[in-house]
Student: 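So that we are looking at the same thing, I have put the structure below in structure tokens.
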Amino acid sequence: MWRTKAAAACVICRSLAHSNYGIKRKSPLQNLHLVSRSIHHPYHPSLKFQRRPLRISLQQFSSLNRLPLRKTKLLNVKYGYQSYRNFWLARLASRLLKIRYLILGSAVGGGYTAKKTYDQWKDMMPDLDEYKWIIPDFIWELDEHIDLEKLIKALPDADDLAKLLPDFEKIGESFTSLKGIFSPGTPGETAFRATDQGYDSDKQYKKGLLGELILLQQQIQQHEEEARRAAGQYNPGSYQQKRKVSDKEKIDQLQEELLRTQLKYQRMLERLEKENKELRKLVLQRDDKGIHQRKLKKSLIDMYSEVLDILSDYDASYNTQDHLPRVVVVGDQSAGKTSVLEMIAQARIFPRGSGEMMTRSPVKVTLSEGPHHVALFKDSSREFDLTKEEDLAALRNEIEIRMRNSVKEGCTVSTETISLSVKGPGLQRMVLVDLPGVISTVTSGMAPDTKETIFSISKAYMQNPNAIILCIQDGSVDAERSIVTDLVSQMDPQGKRTIFVLTKVDLAEKNVASPSRIQQIIEGKLFPMKALGYFAVVTGKGNSSESIESIKEYEEEFFQNSKLLKTSMLKAHQVTTKNLSLAVSDCFWKMVRESVEQQADAFKATRFNLETEWKNNYPRLRELDRNELFEKAKNEILDEVISLTQVTPKHWEEILQKTLWERVSTHVIENIYLPAAQTMNSGTFNTTVDIKLKQWTDKQLPNKAVEVAWETLQEEFSRFMTEQKGKEHDDIFDKLKQAVKEESIKRHKWNERAEDSLRVIQHNALEDRSISDKQQWDAAIHFMEETLQSRLKDTESVIEDMVGPDWKKRWLYWISRTKEQNIRNETKNELEKLIKCNEEHAAYLANDEVTTVRKNLEARGITVDPCLIKDTWHQIYRRYFLKTALNHCNLCRRGFYYYQRHFVDSELECNDIVLFWRIQRMLAITANTLRQQLTNTEVRRLEKNVKEVLEDFAEDNEKKVKLLTGKRVQLAEDLKKVREIQEKLEAFIEALHQEK
């Protein structure tokens, strides 16, 4: 450009120099300054360095003058001083004006050249946008909050920091050697294409470090085109028979050169990726060394995986379905699905078997990049180090245990998803779901519906319109035996989201007679199904102990020597699991960016519908989900258990004493008091009472007392649990409280030593016969009267049921007696006559007395069975005895004076009063002892059991779902899930936009 400008300027100067205006003097060019002459005439004799003028065939023109130059016509003036002066001024103005234009044009041209040089330099710089997530946003704002000058002074020396940095010279040498292998080519297609039928939109590739690799790929494509042209030009006609051998050798030579170029490219790419992993690992590990005390932001793929985990637990309602993308891995059983997944994850993480079904439930694997190669489950904090064989074995065992536990009884496979996260350097970010292998026949040991269940699981995942289907086909078996291809064709007829993978290509190449069948499969011509892309991979030699590195080496060696590549049946970008993982990752993120915002809008609409329904049905209630309701019920239950400790001792003792006496009163009356009362004197009465009390205390009384105490504690606990608290009572907790009460009571066991200590206390209490004052004496009489009156009332009721209503009730209520009641009434009358004749009759009838009563009744035409007579006598005598005992109580009211004198010189004997005093005192002491055991020990143990039951219920989601039910609970639960999903989706979308 400078030369063009100078030449144009020279034309102007020569035109001025050779023009004849009637003045004889030197050319004005000679009067200009040396610098001006150098600008106009770079080839002027006054310059030290001269250049030959540029000779071009085009017409010379200047960028300063758009039109062709013409001779200037000046006005004719007279000769003289004034005319000469005007001519000189015009020439000077013209020169100065041309110099200004020349300088302006030079500045514009120089600026354009500088900008072009800067753009070329900028294009050679690496693109670090992909690593922007490593440094959070707040790092760039530190200078506003932190004094960086003080921080710089506190940093270590440059030599110490240099040790932490990578060897950039070594990396530069690698790029220099890589650049020297191939010469730069013209911009071509991308280094990788997932499919020949892919998307029409052109992909924009990043410039920088990967630019060199793109040039290498362009060289490979050029070699391929040359090989095709050579193959197309090769015609085995009769007139070319002499050149046939040489052309074939040329084709083979080009193919071998192409393979060598591809291998060099692959090795160089792997070396660069390895160095990149080391660099990223070093950056991510700086936190562990304490260089930067900060918390890394959650990765994009982890945020997306959390959304999928919530959706897997969410019961879709209101026609809202999960259409978020994920990679669904389907294939026939033993087709190599698990092996492909392991190669993508770069670790042998799944359990393996020889021909048997190993994948019994869907396994969601989230792949993300991290400094260490680890794996962990969603519901566990344990990290498995995938670089250690013992951790790998433990992980495989844990996956197998989880699969078997998820399978219900009587089933072979499960729909429950196991969520696993794998992190490591260089892993492609994506979410994959490994499904159980499709089978054609149900074998022995499987459930009858196993085949249908696997089909339904596969269809449920593949019917998602945004799911990417990774169809795995075993290349070592006949293609006609494949089942999964028909299933995939039904779910994705157009093949817009299917990637086909042919496994075990090494076995296929050996066993298949016609290699063209493999080419037909990869080109999508053999199967009726369509796909985005077709890939061929090798996942090892079939040995479960092979490592990932050895499998990679074997795969590389196989394709290096394979005829499939040498004969161009397979393309370079269609082989190896590395290319497969890149393709799947690209398709996955493309699908995510296209569909995630639509899903967020759908959940936003669902949230609005749920909130409106809640406001209409429960306007005054908070939106408490199942977990929040459980926490509320838990607090209420614990408060009610604490209320047991606030029960007064008097209340405990009254309840215990009353309940215990109700439980043992029958035994005391029937087995102790009545037999002792039949004796003739007080000595025999006391002896009989002591013996029977000792036997009762040793065998039955302590156990009965503990049972009464435990039942009392249960009744009080139930009363507090079921007691309604007015308007604040929420019946939604009733089932939960009842279940907690039953489970707590079931787990509670009374202290085993309580009976032994209680037996000693009761035995000592019953041995005491000394009544200290008149008040205790009167209390014993009152206790005895209440007991006897209660028994007498019960006896009267039994007799009334036996003989029927009396004459008053018969007349008033028009009730008549039955035949059996008439017989019993006549028998009662005869027995009453017998007691009146002998008031001191024994408790039992003699046989002759039974016969006499029977004959008397037969004389009146009434046939009576002897057993009926004895049964009626028992109740009649019991009533007579109780009435006699009550009369005796009245006589003993003033017998305390004689008791103090041991009934000396008195015909009154009140030993039965002493017996009931002993019983009453034993009951009071027993109730006090039981109350102490309750308040000091058992209530606290029950509270502990309740807490344990609540903790167990809190961890059991099925139990909570069963006990906390209803429309209100389900609506709040759905509302919580939808809100959580929407919030996480919005956060993910925001992070996704920031990454762009």
Side-chain angles (χ1 to χ4, degrees), residues 620-622 624-663 704-755 757-758 923-956 959-960 962-966 968-969:
R620 298 183 180 180
L621 295 178
R622 291 178 56 197
L624 300 179
D625 59 12
R626 185 171 282 110
N627 291 331
E628 293 172 336
L629 287 173
F630 182 83
E631 289 298 323
K632 183 179 179 181
K634 177 181 177 181
N635 294 332
E636 290 187 7
I637 293 171
L638 293 177
D639 291 341
E640 291 161 358
V641 175
I642 294 175
S643 299
L644 287 174
T645 60
Q646 299 177 355
V647 177
T648 60
K650 181 180 179 181
H651 180 73
W652 280 120
E653 292 181 9
E654 288 178 355
I655 296 176
L656 290 169
Q657 187 171 349
K658 179 181 178 182
T659 308
L660 181 59
W661 175 239
E662 290 175 355
R663 188 68 58 85
K704 290 288 184 181
V706 171
E707 289 180 0
V708 168
W710 177 220
E711 291 176 1
T712 303
L713 179 60
Q714 294 181 39
E715 292 175 358
E716 289 296 306
F717 180 48
S718 301
R719 180 172 66 84
F720 282 108
M721 292 282 286
T722 58
E723 185 179 8
Q724 296 186 1
K725 300 179 180 180
K727 296 182 179 180
E728 297 181 358
H729 178 72
D730 196 346
D731 56 358
I732 202 171
F733 298 144
D734 292 344
K735 292 176 65 176
L736 176 61
K737 290 182 178 180
Q738 182 67 22
V740 171
K741 184 193 73 174
E742 293 175 357
E743 185 65 23
S744 302
I745 291 173
K746 182 180 179 181
R747 295 185 183 185
H748 186 81
K749 292 182 180 180
W750 204 273
N751 190 359
E752 297 178 354
R753 299 180 181 180
E755 290 187 12
S757 60
L758 196 60
L923 291 175
I925 294 175
T926 302
N928 181 269
T929 304
L930 292 174
R931 189 266 306 167
Q932 292 180 9
Q933 293 181 359
L934 282 171
T935 56
N936 296 337
T937 306
E938 302 304 330
V939 171
R940 294 180 180 178
R941 291 179 61 203
L942 179 62
E943 182 180 357
K944 181 181 178 181
N945 291 337
V946 171
K947 290 181 180 179
E948 292 177 354
V949 171
L950 288 173
E951 290 176 358
D952 294 343
F953 283 7
E955 297 176 357
D956 192 349
K959 184 76 69 175
K960 288 191 289 187
K962 182 179 179 181
L963 297 177
L964 293 173
T965 57
R968 169 184 156 195
V969 180

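Note that the structure is predicted; figures quoted are calculated from it, not measured.
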Student: Just verifying a value: how many Å separate Glu716 CD and Leu942 CG, rounded to the nearest 0.5 Å?
Tutor: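 Output value for this atom pair is 12.0 Å.
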
Student: Please check if any side-chain donor atom of His748 sits under 3.5 Å from a side-chain acceptor atom of Gln714, or the reverse.
Tutor: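 Looking only at side-chain atoms, Gln714 and His748 do not form any donor-acceptor pair under 3.5 Å.
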
Student: Say whether, by atom type as modelled, one donor and one acceptor occur between the side chain of Asp625 and the main chain of Glu628 under 3.5 angstrom.
Tutor: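 Answer holds: yes.
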
Student: How about His651 and Val647: do any of their side-chain heavy atoms sit closer than 4.5 Å?
Tutor: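 Yes. Closest side-chain heavy atoms under 4.5 Å.
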
Student: What I'd like to find out is whether the side chain of Ile745 reaches to under 4.5 Å of the side chain of Trp710, using heavy atoms alone.
Tutor: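 Contact flag for Ile745/Trp710 side chains = yes.
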
Student: Donor-acceptor check, side chain of Asn936 to backbone of Gln932, threshold 3.5 angstrom: yes or no?
Tutor: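 Here the side-chain-to-backbone pair exists.
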
Student: Which value, rounded to the nearest 0.5 Å, describes the distance between Lys947 atom NZ and Ile637 atom CD1?
Tutor: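 Result: 13.0 Å between the selected atoms.
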
Student: Donor-acceptor check, side chain of Thr965 to backbone of Lys962, threshold 3.5 angstrom: yes or no?
Tutor: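 Side chain of Thr965 to backbone of Lys962: no pair is present.
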
Student: Contact between Glu654 and Lys650 at the side-chain level, heavy atoms closer than 4.5 Å - yes or no?
Tutor: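 In short, these two side chains touch, coming nearer than 4.5 Å.
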
Student: Of the non-hydrogen atoms in Leu934 and Trp750, which two are nearest, and what is the gap between them?
Tutor: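 Here Leu934 and Trp750 meet closest at CD2-CH2, 3.2 Å.
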
Student: Please report the C-alpha distance between Asn627 and Lys960 in whole Å, then the side-chain angles of each, then the deciding distance to 0.1 Å, and finally whether the side chain to side chain donor-acceptor pair (under 3.5 Å) criterion is met.
Tutor: CA-CA 8 Å; Asn627 291 331; Lys960 288 191 289 187; 2.6 Å; yes

Student: Would you call Leu963 and Phe630 a side-chain contact if the rule is heavy atoms closer than 4.5 Å?
Tutor: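 No, side chains not in contact.
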
Student: Check whether any side-chain N or O of Ser744 sits under 3.5 Å from a backbone N or O of Lys741 as a donor-acceptor pair, and report yes or no.
Tutor: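 No.
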
Student: May I ask you to test the Phe717-Val939 pair for a side-chain heavy-atom distance under 4.5 Å?
Tutor: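 A side-chain contact under 4.5 Å is absent here.
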
Student: Would you compute the distance between atom NZ of Lys704 and atom CG of Leu758 and round it to the nearest 0.5 angstrom?
Tutor: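 Between atom NZ of Lys704 and atom CG of Leu758 there are 14.0 Å.
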
Student: When you check the gap from the basic side-chain N to the acidic O, do Glu711 and Arg663 get nearer than 4.0 Å?
Tutor: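 Yes, Glu711 and Arg663 are salt-bridged.
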
Student: With a 4.5 Å heavy-atom cut-off, do Phe720 and Ile642 have their side chains touching?
Tutor: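 When only atoms from C-beta onward are counted, Ile642 and Phe720 do not touch, as no gap falls below 4.5 Å.
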
Student: Per the salt bridge (charged side-chain N to carboxylate O under 4.0 Å, His left out) rule, which among Glu742, Glu640, Glu743 passes with Lys737?
Tutor: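 Testing each of Glu742, Glu640, Glu743 against Lys737, the sole residue satisfying salt bridge (charged side-chain N to carboxylate O under 4.0 Å, His left out) is Glu640.
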
Student: Quick check for you: to the nearest 0.5 Å, what is the distance between Leu930 atom CG and Trp652 atom CH2?
Tutor: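 Between atom CG of Leu930 and atom CH2 of Trp652 there are 11.0 Å.
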
Student: In Å, rounded to the nearest 0.5 Å, how long is the span from CG of Leu964 to CG of Leu624?
Tutor: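 It comes to 11.0 Å.
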
Student: Quick test of your reading of the model: are Glu943 and Arg940 salt-bridged, counting only N-O distances below 4.0 Å?
Tutor: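 Here Glu943 does not pair with Arg940 in a salt bridge, since their nearest N and O are not under 4.0 Å apart.
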
Student: Quick check: closest heavy atoms across Ala705 and Thr926, and the distance to 0.1 Å?
Tutor: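 Closest approach of Ala705 to Thr926, heavy atoms only: CB-CG2, 3.8 Å.
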
Student: Grab the two heavy atoms, one from Glu653 and one from Ala927, that are nearest each other, plus how far apart they are.
Tutor: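 That would be O-CB, 3.7 Å.
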
Student: Would you call Arg747 and Asp952 a salt bridge, taking side-chain N to carboxylate O under 4.0 Å as the test?
Tutor: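 Result for this pair is yes, salt bridge flagged.
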
Student: Is there a side-chain contact between Thr645 and Thr935 (heavy atoms, below 4.5 Å)?
Tutor: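 No, too far: nothing below the 4.5 Å cut-off.
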
Student: To the nearest 0.5 Å, tell me how far Asp639 CG sits from Lys634 NZ.
Tutor: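 That separation rounds to 12.0 Å.
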
Student: Going through the distances and angles, do Gln738 and Ser718 end up as a side-chain contact (heavy atoms from CB on, under 4.5 Å)?
Tutor: CA-CA 8 Å; Gln738 182 67 22; Ser718 301; over 6 Å; no

Student: Are Asn751 and Arg941 packed together at the side-chain level, in the sense that at least one heavy-atom pair is separated by less than 4.5 angstrom?
Tutor: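 In short, these two side chains touch, coming nearer than 4.5 Å.
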
